[in-house]
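Heads up: the structure comes next, in structure tokens.
All heavy atoms count here, side chains included; hydrogens, waters and symmetry mates do not. In what follows, chains are A, B, ... by sequence order, proteins preceding strands, each numbered from 1.
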There are 2 protein chains.
Amino acid sequence: MALENQELRKAGLKVTLPRVKIYQILEKAGEGDHFSAEDIYKLLLEHNEDVGLATVYRVLTQFEAAGLVSRHHFEGGHSVFELTQDEQHDHIVCVKCGKVREFSDPALKKRQDQIAKELGFKITDRTLYLYGECADGCKNTK
Amino acid sequence: MALENQELRKAGLKVTLPRVKIYQILEKAGEGDHFSAEDIYKLLLEHNEDVGLATVYRVLTQFEAAGLVSRHHFEGGHSVFELTQDEQHDHIVCVKCGKVREFSDPALKKRQDQIAKELGFKITDRTLYLYGECADGCKNTK
DNA sequence: ACGCTAATAAGAATTTTTTGCATTAGTAAA
DNA sequence: TTTACTAATGCAAAAAATTCTTATTAGCGT
């Protein structure tokens with residue numbers, strides 16, 4: 001039995017075809033890849049999987065609730081998803097070519113914690129997006 | 001002539017009633033207030049201003065392009081807006097009561113700049129949202 | 001005041017996401 | 001295994017959020 005099935009069960013989710021397929025797509029994604037529900041839906045169609053778009057949204061929402069995936073709102077409306085990584089990380093997005101790099105910085109996190117403490121907040125989540133232009137190799141083709 | 005008119009002209013925008021009214025609403029907002037297009041639309045209706053929702057969106061988008069307002073995507077989909085402050089700042093949001101506090105921390109910014117530099121990015125924008133529970137005084141009424 | 005042009009209202013259209021419901025498919029237990 | 005229970009799915013339709021179209025109106029320079 002494949003490992004993704006274990007993941008799903010661990011999350012308390014029945015192992016169904018749509019869930020497995022969606023999980024696999026996310027798993028195969030490279031670093032910095034972020035898919036929208038629509039993206040995943042189209043990939044499923046390409047693989048001749050008969051999964052409805054509504055199901056994609058449902059499954060992604062369930063995955064998010066289970067902590068399997070993280071949802072992001074980059075500039076421009078719709079949500080994108082990625083498999084939750086072991087290490088929480090932030091994103092820097094090129095506004096020209098759309099490339100996303102991920103990074104994690106303990107100093108940054110520590111300072112954030114301190115600020116939250118000073119303001120009397122108990123942090124449950126955090127998102128830092130840096131936007132800019134990636135100097136070299138930016139083909140400017142968003 | 002009121003000061004908001006100056007602001008609009010400075011931004012290269014004609015002084016029209018919808019723009020003035022929307023600007024005034026944003027101006028009157030307290031620290032930490034963030035309005036959605038819908039919020040502003042409803043406020044306009046309450047003040048018997050005959051402005052269409054589409055116009056609200058258009059004006060806010062223009063204001064954003066002109067740098068007059070900043071758009072934020074807090075958790076939960078839709079955009080909210082606030083008048084751009086002199087000092088760029090970050091947000092910490094209570095997930096229980098929805099309260100938003102703003103803060104600015106030079107150390108944080110400096111570290112972000114450094115990270116961007118290391119990754120070869122020239123930062124044009126940044127958004128940090130911390131989410132958590134505000135300890136005391138949280139009435140839990142989102 | 002006049003006229004040019006940009007801005008507007010209104011609603012239709014799009015885009016993104018959610019929901020209701022009849023049907024199907026996992027899963028646990030016999 | 002087959003059975004049967006229940007959760008999950010697909011589809012269509014609705015919501016929600018935002019943008020576009022077009023005829024009309026209103027700023028603003030002259």
Side-chain angles (χ1 to χ4, degrees), chain A residues 1-2 4-25 34-45 47-66 68-81, chain B residues 1-2 4-25 34-45 47-66 68-81:
Chain A
M1 182 161 304
E4 56 263 17
N5 292 16
Q6 302 299 332
E7 290 295 337
L8 293 176
R9 279 187 223 283
K10 240 192 290 176
L13 296 169
K14 258 189 203 170
V15 177
T16 66
L17 195 135
R19 306 221 254 233
V20 171
K21 291 298 170 191
I22 292 171
Y23 193 92
Q24 287 176 345
I25 285 175
H34 295 77
F35 296 120
S36 68
E38 188 77 29
D39 291 336
I40 291 174
Y41 176 62
K42 281 180 187 156
L43 284 169
L44 288 168
L45 289 187
H47 290 279
N48 297 310
E49 299 295 344
D50 195 10
V51 175
L53 178 57
T55 300
V56 175
Y57 275 104
R58 253 182 315 225
V59 168
L60 288 171
T61 303
Q62 292 157 348
F63 281 9
E64 188 192 11
L68 289 174
V69 310
S70 304
R71 178 195 298 254
H72 299 287
H73 302 280
F74 295 148
E75 282 177 343
H78 61 294
S79 301
V80 295
F81 300 83
Chain B
M1 185 162 300
E4 58 263 15
N5 293 16
Q6 302 299 331
E7 291 295 336
L8 292 176
R9 277 186 225 282
K10 240 191 290 177
L13 296 168
K14 255 187 205 170
V15 177
T16 65
L17 195 135
R19 306 222 254 232
V20 170
K21 290 299 169 189
I22 291 172
Y23 193 92
Q24 288 176 343
I25 285 176
H34 295 76
F35 296 119
S36 68
E38 188 77 29
D39 290 337
I40 291 174
Y41 177 62
K42 281 181 187 156
L43 284 170
L44 288 168
L45 290 187
H47 290 279
N48 297 309
E49 298 294 344
D50 195 11
V51 175
L53 178 56
T55 300
V56 175
Y57 275 103
R58 225 173 320 118
V59 168
L60 287 171
T61 302
Q62 293 158 346
F63 280 8
E64 188 192 11
L68 289 176
V69 310
S70 304
R71 177 193 298 254
H72 300 287
H73 302 280
F74 294 148
E75 282 178 342
H78 62 293
S79 301
V80 295
F81 302 83

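For the pair Arg19(B) CZ and dG27(D) C1', the interatomic distance rounds to 10 Å; values are reported in whole Å. Between the CD atom of Glu38(A) and the C1' atom of dT18(C) there is a distance of 15 Å, given to the nearest Å. The separation between Asp50(B) atom CG and dA26(D) atom C1' is 14 Å, rounded to whole Å. The distance between atom OH of Tyr23(B) and atom P of dA7(C), rounded to the nearest whole Å, is 18 Å. At whole-Å resolution of the value, CG in Leu53(A) and P in dT9(D) are 13 Å apart. Distance Asn5(B) CG to dC28(D) C1': 13 Å, rounded to the nearest Å. Nucleotide dC11(D) holds its P atom 10 Å from the CG atom of Leu45(A), rounded to whole Å. Summarising the geometry, the separation between OH on Tyr41(B) and P on dA17(D) is reported as 14 Å, rounded to the nearest angstrom.
Residue Ser79(B) has no polar side-chain atom (N or O) positioned under 4.0 Å from OP1 or OP2 of dA17(D). Checking the phosphate oxygens (OP1, OP2) of dT9(D), a side-chain nitrogen or oxygen of Thr16(A) falls inside 4.0 Å. Contact annotation: Arg58(B) does not reach the phosphate of dA7(C) (side-chain N/O to OP1 or OP2, under 4.0 Å). Phosphate proximity of dT17(C) to Tyr57(A): present, with a side-chain N or O under 4.0 Å from OP1 or OP2.
Using a 4.5 Å heavy-atom cutoff, the side chains of Tyr23(B) and Phe63(B) are in contact. Using a 4.5 Å heavy-atom cutoff, the side chains of Tyr41(A) and Val51(A) are not in contact.
Between the side chain of Arg19(A) and the main chain of Lys14(A), a donor-acceptor pair closer than 3.5 Å is present.
Atoms CD and NZ, on Gln24(B) and Lys21(B) in that order, are 5.0 Å from each other to the nearest 0.5 Å.
Residue contacts for Thr55(B): at a heavy-atom cut-off of 4.0 Å it reaches a base atom on one of the strands shown. Counting non-hydrogen atoms under 4.0 angstrom, Leu17(B) reaches nothing in the nucleic acid.
Listed candidates were dA17(D), dA9(C), dA7(C). Nearest to the side chain of His78(B) is dA17(D). Taking every side-chain heavy atom of Ala54(B) into account, dC20(D) is the closest of dC20(D), dT9(D), dA17(D). Of the candidate nucleotides dG26(C), dT8(C), dG10(D), dG10(D) has the atom nearest to the side chain of Val51(A). The side chain of Pro18(A) sits closest to dT9(D) out of dA7(C), dT9(D), dT18(C).
Between His34(B) and Phe74(B), the ring planes are perpendicular. Angles over 60° get that label, and only those under 30° would be called parallel.
Map Lys14(A) and Ala37(B) each onto its nearest nucleotide of DNA chain D; the residue landing nearer the 5' end is Lys14(A).
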